[in-house]
Visitor: 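Have a look at this one.
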Amino acid sequence: MPTDAELADFYGGMERARLIPLWKVYKDHVPRAPSPRAVPHLWRFKEVLPLVRASGVLAPLTEGERRVLGFANPGLPYDGLAATTDTLWGALQYILPGEKARAHRHAAAAIRFILEGEGASTTVEGERCAVGPGDFVLTPPWAWHDHENTGSAPVIWMDGLDIIMVRELRGSFFEGAGEAPPAEPKPEGGSAARWAEGALRPAWERPRGKYSPLLLYKWEKTGRALRRLAASGQVCPYDDVAMDFTHPGTGGPVYPTMSCRIQLLRAGQRPRAHRHTGSAVYLCFRGRGHSVIEGRRFGWERGDAFCVPSWAWHEHAAGEGEAILFSINDLPVMEALGLYREEGLKEGNQKVK
Ligand code: GTQ
Ligand code: FE2
């Protein structure tokens with residue numbers, strides 16, 4: 001048997017030599033199941049909206065790049081490393097009439113889903129995309145983008161970005177206003193003219209790029225697609241009437257890092273619980289309902305946001321009427337890396353603790 005002194009000497013020597021004994025850290029490095037630091041959490045619009053409005057008065061757009069209130073997960077640090085899940089950033093962005101958020105670009109991919117307000121636009125590499133409630137718009141990696149509100153009411157939209165995983169992977173780059181000229185103006189609606197018809201594509205395009213070439217997914221089409229699918233009775237046992245926004249050239253997710261989903265939860269339905277690797281951030285766009293996440297019930301209504309960490313049991317249901325949820329997730333990463341796993345709950349629904 002080694003003496004305490006021998007052992008102290010040995011472990012001290014290891015530390016000085018910058019060697020780590022795997023037998024002391026194995027469980028941390030190789031958990032038996034995903035161990036997200038993020039926890040399930042709900043941000044109530046009732047509590048968030050007054051702060052969003054206050055930001056319009058107290059945080060001039062000139063002070064920073066964007067007027068954005070990020071959803072800071074209670075399981076993660078509340079500092080420069082704050083995030084919504086272990087990999088994703090969800091936030092509300094607020095732009096007042098007449099304001100413009102200057103152009104910049106970054107390696108991280110972004111999406112916006114408009115909650116309320118008409119008259120806003122995002123210009124991506126010179127292509128202006130006018131957006132209204134329910135519209136979904138992309139600002140792909142390294143594309144110059146600015147935002148503007150030329151309407152008469154404030155605009156609130158949800159931002160979804162992969163900045164957390166991009167930073168963790170040490171892949172982040174950023175360029176701000178003035179570092180390069182923003183792209184030359186392109187025709188408004190150009191990407192939609194080329195790509196929004198889905199089953200047809202321009203003859204000259206090679207549509208296999210990493211990001212969706214379609215920048216703007218209008219609510220009119222999205223809502224219609226949900227209605228048609230609902231009417232056909234073809235639904236997902238876990239997510240009810242759920243559709244993913246696709247890259248029109250590949251049929252895959254809009255980004256290799258992040259996929260986005262719109263789902264209609266029909267009144268009176270009780271979809272089953274499941275869990276899978278990968279995390280998600282949700283925004284209630286219409287109606288009200290609740291989710292059970294890891295046995296905890298979260299009631300939500302329009303404007304509320306919540307997150308589901310990796311491998312957390314979750315199920316969603318509408319309240320009296322139907323409800324519509326928008327969400328972002330990192331499932332493309334899990335799938336591409338061979339890390340995707342999923343299981344359904346045998347009992348169907350969770351017991352609420
Ligand atoms: O609007 O360009 O929530 O660059 C985070 C980073 C929004 C944006 C965010 C961003 C933006
Ligand atoms: Fe940005």
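Order of appearance sets the numbers: ligands from 1, and atoms from 1 within every ligand. The figures that follow rest on heavy atoms only: side chains count, while hydrogens, waters and symmetry mates do not.
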Visitor: Just how far is it from atom CE of Met258 to atom CH2 of Trp89, taken to the nearest 0.5 Å?
Guide: 13.0 Å
Visitor: Are Thr139 and Arg105 close enough that a side-chain donor and a side-chain acceptor fall under 3.5 Å?
Guide: no
Visitor: Please report the interatomic distance CD1(Ile328) to CG(Asp162), rounded to the nearest 0.5 Å.
Guide: 9.0 Å
Visitor: Do the side-chain N and O atoms of Ser291 and Tyr282 include a donor-acceptor pair separated by under 3.5 angstrom?
Guide: no
Visitor: Going through the checks in order, is the salt bridge (Lys or Arg N to Asp or Glu O under 4.0 Å) test met by Arg275 and Glu294?
Guide: CA-CA 9 Å; Arg275 64 176 176 179; Glu294 286 290 303; 5.2 Å; no
Visitor: Looking only at the side chains, is there a donor atom on one of Trp157 and Asp159 sitting less than 3.5 Å from an acceptor on the other?
Guide: yes
Visitor: Counting no waters, what protein N/O/S atoms lie under 2.8 Å from the Fe ion (ligand 2)?
Guide: His104 NE2, His106 NE2, His145 NE2
Visitor: Measuring from Arg167:CZ to Leu161:CG, what's the distance to the nearest 0.5 Å?
Guide: 12.5 Å
Visitor: Could you list each N/O atom of ligand 1 together with any protein N/O atom closer than 3.5 Å, one pair per line with the distance?
Guide:
unit_1   : atom_1 : unit_2 : atom_2 : d
ligand 1 : 1 (O)  : Arg66  : NE     : 3.0
ligand 1 : 1 (O)  : Gln93  : NE2    : 3.0
ligand 1 : 1 (O)  : Arg112 : NH1    : 3.0
ligand 1 : 1 (O)  : His147 : NE2    : 2.7
ligand 1 : 2 (O)  : Arg66  : NE     : 2.9
ligand 1 : 2 (O)  : Arg66  : NH2    : 3.4
ligand 1 : 2 (O)  : His104 : NE2    : 3.0
ligand 1 : 2 (O)  : His145 : NE2    : 2.9
ligand 1 : 3 (O)  : Trp89  : NE1    : 2.9
ligand 1 : 3 (O)  : Asp159 : OD2    : 2.8
ligand 1 : 4 (O)  : His104 : NE2    : 3.0
ligand 1 : 4 (O)  : His106 : NE2    : 2.9

Visitor: Is the closest basic N to carboxylate O distance between Arg128 and Glu148 below 4.0 Å?
Guide: no
Visitor: Is it true that a side-chain atom of Ser310 and a backbone atom of Thr277 form a donor plus acceptor pair closer than 3.5 Å?
Guide: no
